[in-house]
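Take a look at the structure below.
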Amino acid sequence: MLTFEDIKNNDDVNTYITKADESLCALGYTEHSFAHVTRTAEDAGYILRTLGYPERDAQLAQISGYLHDIGNLVNRENHSLSGAVMVFNILEDLGFEAAEIATVTTAIGNHDEGTGVPVDHVSAALILADKSDVRRSRVRNTEISSFDIHDRVNYSVKKSVLKINEEHSLIKLKLTVDTKYGSVMDYFEIFLGRMIMCRKAAERLNLEFKLIINEQQLI
């Protein structure tokens, strides 16, 4: 049975992630490389382990997180769908069981706002982990004067923490934002759809989603 570590150490997979991120870099997008996919994988696994799901489900969530943006290799548009098809073939070639392939491809195909739906616990964990990764280090643009709104919002976030409470009733995204670079309204302008998606994903896991910015609860 292949593990998350096997996927992380697969040369072909890592080549696809690298090339997908290079395409996004050329388009001016924030970082979608190993820092992002690794953090997404870790947070997705953390969510399911904390809530007591089977270890294999947590592994599949991690695999989904690591592979979720691979479709950007094809095109940014509909990357969740093209990525799901790519991952289906990758996992099939590696000998994964059909049920596990189905779980991972479903999660990846449903992770993007607009078309994605948290149809099960793995897809819900992936959505929460992916949409919560907003941070300064994702900004590639070194010229602050030329920041667009996505650069401003990401650069303004000095710290982000995704945490489930001890009672397993809440999942909180806590952000520390330097409003010198981006306002709270800027955050909502581009991330409101993502936060709504996070709320639905949390509900799928029988959790309540809370967004806290600079110690103020906003959602």
Side-chain angles (χ1 to χ4, degrees), residues 17-18 20-48 50 61-62 64-66 68-69 72 76 79-80 111-114 116 118 123-165 170-203 205 207-219:
I17 291 172
T18 298
D21 185 57
E22 287 176 2
S23 294
L24 293 184
C25 182
L27 293 170
Y29 281 81
T30 53
E31 178 267 325
H32 283 70
S33 190
F34 295 105
H36 171 59
V37 300
T38 300
R39 177 165 174 167
T40 300
E42 290 173 350
D43 280 350
Y46 155 76
I47 290 168
L48 294 192
T50 301
Q62 288 182 289
S64 301
Y66 197 73
H68 78 282
D69 271 340
N72 287 300
R76 179 60 181 173
H79 75 280
S80 59
H111 84 269
D112 202 38
E113 60 265 28
S123 60
L126 173 57
I127 287 167
L128 285 161
D130 177 38
K131 305 313 173 192
S132 298
D133 186 20
V134 52
R135 52 188 160 79
R136 177 168 293 184
S137 55
R138 293 192 70 183
V139 179
R140 304 187 223 247
N141 185 358
T142 59
E143 294 294 330
I144 294 176
S145 61
S146 65
F147 277 2
D148 63 14
I149 190 170
H150 288 84
D151 292 332
R152 291 200 309 271
V153 167
N154 279 279
Y155 196 81
S156 71
V157 178
K158 296 190 295 183
K159 183 179 181 180
S160 64
V161 177
L162 188 66
K163 188 74 173 177
I164 296 172
N165 68 349
L170 297 173
I171 184 165
K172 301 177 183 180
L173 174 58
K174 298 185 69 173
L175 304 179
T176 302
V177 172
D178 185 343
T179 55
K180 179 172 67 175
Y181 298 104
S183 69
V184 173
M185 286 305 298
D186 283 341
Y187 184 90
F188 272 100
E189 182 177 340
I190 63 172
F191 286 157
L192 180 58
R194 299 183 191 185
M195 295 301 97
I196 292 172
M197 197 175 188
C198 282
R199 185 177 65 191
K200 293 179 180 177
E203 290 171 354
L205 297 169
L207 297 170
E208 186 177 358
F209 177 73
K210 298 292 185 183
L211 172 65
I212 300 170
I213 299 180
N214 293 347
E215 302 301 328
Q216 297 295 315
Q217 180 177 313
L218 301 176
I219 295 179

Between [X] and [Y], is there a donor-acceptor pair closer than 3.5 Å when you use the side chain of the first and the backbone of the second?
X	Y	result
R140	Y29	yes
K131	H111	yes
Y46	I164	yes
D130	L126	no
S160	R135	no
S156	V153	yes
R136	V157	no

On a heavy-atom basis, which atom in [X] and which in [Y] lie closest, and how many Å separate them?
X	Y	result
A124	L205	CB-CG, 3.9 Å
I190	R194	O-NE, 4.4 Å
G45	A61	N-CB, 4.4 Å
A41	Y66	CB-N, 3.8 Å
L162	L128	CD2-O, 4.0 Å

Roughly how far apart are [X] [atom1] and [Y] [atom2], rounded to 0.5 Å?
X	Y	atom1	atom2	value
L24	R76	CG	CZ	5.5 Å
S183	D178	OG	CG	12.0 Å
I212	K172	CD1	NZ	5.0 Å
L207	I47	CG	CD1	8.5 Å
I127	T40	CD1	OG1	12.0 Å
D133	R138	CG	CZ	4.5 Å

Non-hydrogen side-chain atoms of [X] and [Y] separated by less than 4.5 Å:
X	Y	answer
T176	V161	no
F147	N154	no
M195	L173	yes

* Asked: Does a donor on one side chain sit under 3.5 Å from an acceptor on the other, for H32 and H68?
  ->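 H68 and H32 do not have a side-chain donor-acceptor pair below 3.5 Å.
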* To do: Look at atom CD of Q217 and say whether more than 12 heavy atoms of other residues, nucleotides or ligands are closer to it than 6.0 Å.
  =>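 Yes, enclosed.
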* Given F34 and D21, is the side-chain contact (heavy atoms from CB on, under 4.5 Å) satisfied, shown in steps? -> CA-CA 9 Å; F34 295 105; D21 185 57; over 6 Å; no
* To do: Could you check I213 against Q216 for side-chain contact (heavy atoms from CB on, under 4.5 Å), going step by step and ending with a plain yes or no?
  => CA-CA 5 Å; I213 299 180; Q216 297 295 315; 5.8 Å; no
* **Pairs where residues 149-163 contributes a residue and the test salt bridge (charged side-chain N to carboxylate O under 4.0 Å, His left out) is met, not counting sequence neighbours** =>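 Every salt bridge (charged side-chain N to carboxylate O under 4.0 Å, His left out) pair that includes a residue of residues 149-163, provided the two are not neighbours, is R152-D186.
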* Asked: Should V177 and Y187 be marked as a side-chain contact (heavy atoms from CB on, under 4.5 Å) after you check the CA-CA gap, both sets of side-chain angles, and the distance that decides it?
  -> CA-CA 10 Å; V177 172; Y187 184 90; 5.8 Å; no
